[in-house]
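First the structure, then my questions, so here it is.
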Number of protein chains: 2
Amino acid sequence: MTDITLLVVDDHPVVRNGLRSMFAAAPGFAVLAEAADGREAVALAEELRPDVVLMDLRMPGGGGVEAITEITRRGLPCKVLVLTTYDTDTDTIPAIEAGATGYLLKDAPREDLFNAVRAAAESRTVLSPDIAARLVTRVREPRSGTLSAREREVLRLVSRGTANREIAAELFISEATVKTHLTHIYAKLGVKDRAAAVATAYDRHLLP
Amino acid sequence: MTDITLLVVDDHPVVRNGLRSMFAAAPGFAVLAEAADGREAVALAEELRPDVVLMDLRMPGGGGVEAITEITRRGLPCKVLVLTTYDTDTDTIPAIEAGATGYLLKDAPREDLFNAVRAAAESRTVLSPDIAARLVTRVREPRSGTLSAREREVLRLVSRGTANREIAAELFISEATVKTHLTHIYAKLGVKDRAAAVATAYDRHLLP
DNA sequence: GGCGGCATCAGCCGATCGGTTGATGGCAGG
DNA sequence: CCTGCCATCAACCGATCGGCTGATGCCGCC
């Protein structure tokens, strides 16, 4: 049986080395090359035609999502397995839309990683459990912009730099309630802090 | 000498009472009425023609800025003295543009408040020291969107919910440097936290 | 040839945030 | 009637943030 050929894309040399040595130590894999950004990745994918591209998102100079888009646009035969540190809707959804075959977090056990690469090579989709769960709840409830009136009000104040305690005073409710609203807002928007919530709200035109 | 007539506008009954009793205890002032939101404020200002309107910004149902705009638009003879808890550019600049005669923070000493009202009654502008300083530095340097490339990069990551430590890893710099960049960003945008920075950046089209 | 902007880093500290768990009441829809 | 969503509140805790002070090196400008 032939080895599964790989292209490793990450801006961190350390990570690239780590992946390369992991796959060198395991049978059935061959790392063809490494790239440090999206542009390099596309060029090498075209030239070397690896089976699977291990792609980091968020790189300086040519983000991962753009690279995935370009690879699928050019009809290159390789599968893209996203391997990143973070799990925000802002990252995952675009990557999957762009054509990623799988999506794993970097803290995944090495065996999971190997399995994911094998799966990707056969065009089977593999998602890390967290991502999968988030996608499911997202599909199940198309809650785009389903913020309640109260939640929008809280978010508006947040976008003006108002602290939770001040928001509480402003709306005549307790600080605990403000925090509850915020937790719900984060869940609905798929983010993890107020800054991202504000950004997402602007993106989805939930704020003026 | 005739008393200076006042209209107190604040959504907090407590604050309204506090102001009313403060001015009742001091000679030379007469509180004509109170309003709980912007709409009421405009109506009462038109009806009672007070010398000075003490106006809170940020009220449910008819914000303070809108009320000020409306008052000046109608050519009402009263001066508006903004009296608020917060001091963000997002609040002060629009209020002053709308036609506020003065701008005080609620933690100002009572004597300052009295003086400010007397000044406002004579159309003299009174700003709290903090506000004044901020306005000066703002006029001196027309720093609209003068974020450096690095600062924009940091802000972009912030808008995606990235923590300082993660931003540091992403950009290959230390967490301390990220914090420094953020402090500069806050200063340049006239805000006090990352959420407001993101909102302001969107407003000024500094972020896609 | 100093002056200012930019980028980098350190350490300390209090304030704030976000997660977690759990609970209550109201109101709508099935 | 029960289930789900909304709004409200509490207490605790670790993580993060932001302010403050201070320092270094680089570069462009006048």
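Quick caveat, the model's predicted, so the values are computed rather than measured. Reckoned from all heavy atoms, side chains included, excluding hydrogens, waters and symmetry mates. Chain letters run A, B, ... following the sequence lines, proteins first, then strands; residues in each count from 1.
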### Message
Strictly below 4.0 Å: does A:His181 bring a side-chain N or O up to OP1 or OP2 of D:dC6?
### Response
no
Would you compute the distance between atom CD1 of A:Ile71 and atom CG of A:Leu76 and round it to the nearest 0.5 angstrom?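 Spacing of CD1 (A:Ile71) from CG (A:Leu76) equals 6.0 Å.
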| query | Are A:Lys106 and A:Asp10 ion-paired here, with the side-chain N under 4.0 Å from a carboxylate O? | reply |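 Yes.
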Taken to the nearest whole Å, CG/A:Leu189 to C1'/C:dG18 is 15 Å
Q: Answer yes or no: is there a side-chain heavy-atom contact under 4.5 Å between B:Phe29 and B:Met22?
A: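 The answer is no; the side chains never approach within 4.5 Å.
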Whole-Å distance between C:dG4 C1' and B:His184 NE2?
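Rounded to whole Å, this separation is 12 Å.
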task: Measure the distance from CG on B:Leu171 to P on C:dA7 and round it to the nearest whole Å.
output: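 From B:Leu171 CG to C:dA7 P: 11 Å.
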5' to 3', nucleotides 9-30 of chain D under a 4.0 Å protein heavy-atom cut-off (B base, S sugar-phosphate only, - none) gives BB-B---SSBB-----------
Could you tell me whether B:Arg73 and B:Glu70 have a side-chain N and a carboxylate O separated by less than 4.0 Å?
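A salt bridge is present here (some side-chain N lies under 4.0 Å from a carboxylate O).
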query = In terms of ring plane angle, is the pair A:His12 and B:Phe172 parallel, tilted or perpendicular, where the classes change at 30° and 60°?
reply = tilted
Basic-acidic side-chain contact under 4.0 Å: A:Lys79, A:Glu122: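 No salt bridge links A:Lys79 with A:Glu122.
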#### Entry: Separation of C:dG5 C1' from B:Leu147 CG (nearest whole Å)
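My rounded result for the distance is 14 Å.
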Rounded interatomic separation in angstrom, taking CG from B:Leu155 and C1' from C:dC6:
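After rounding, the gap between these two atoms is 17 Å.
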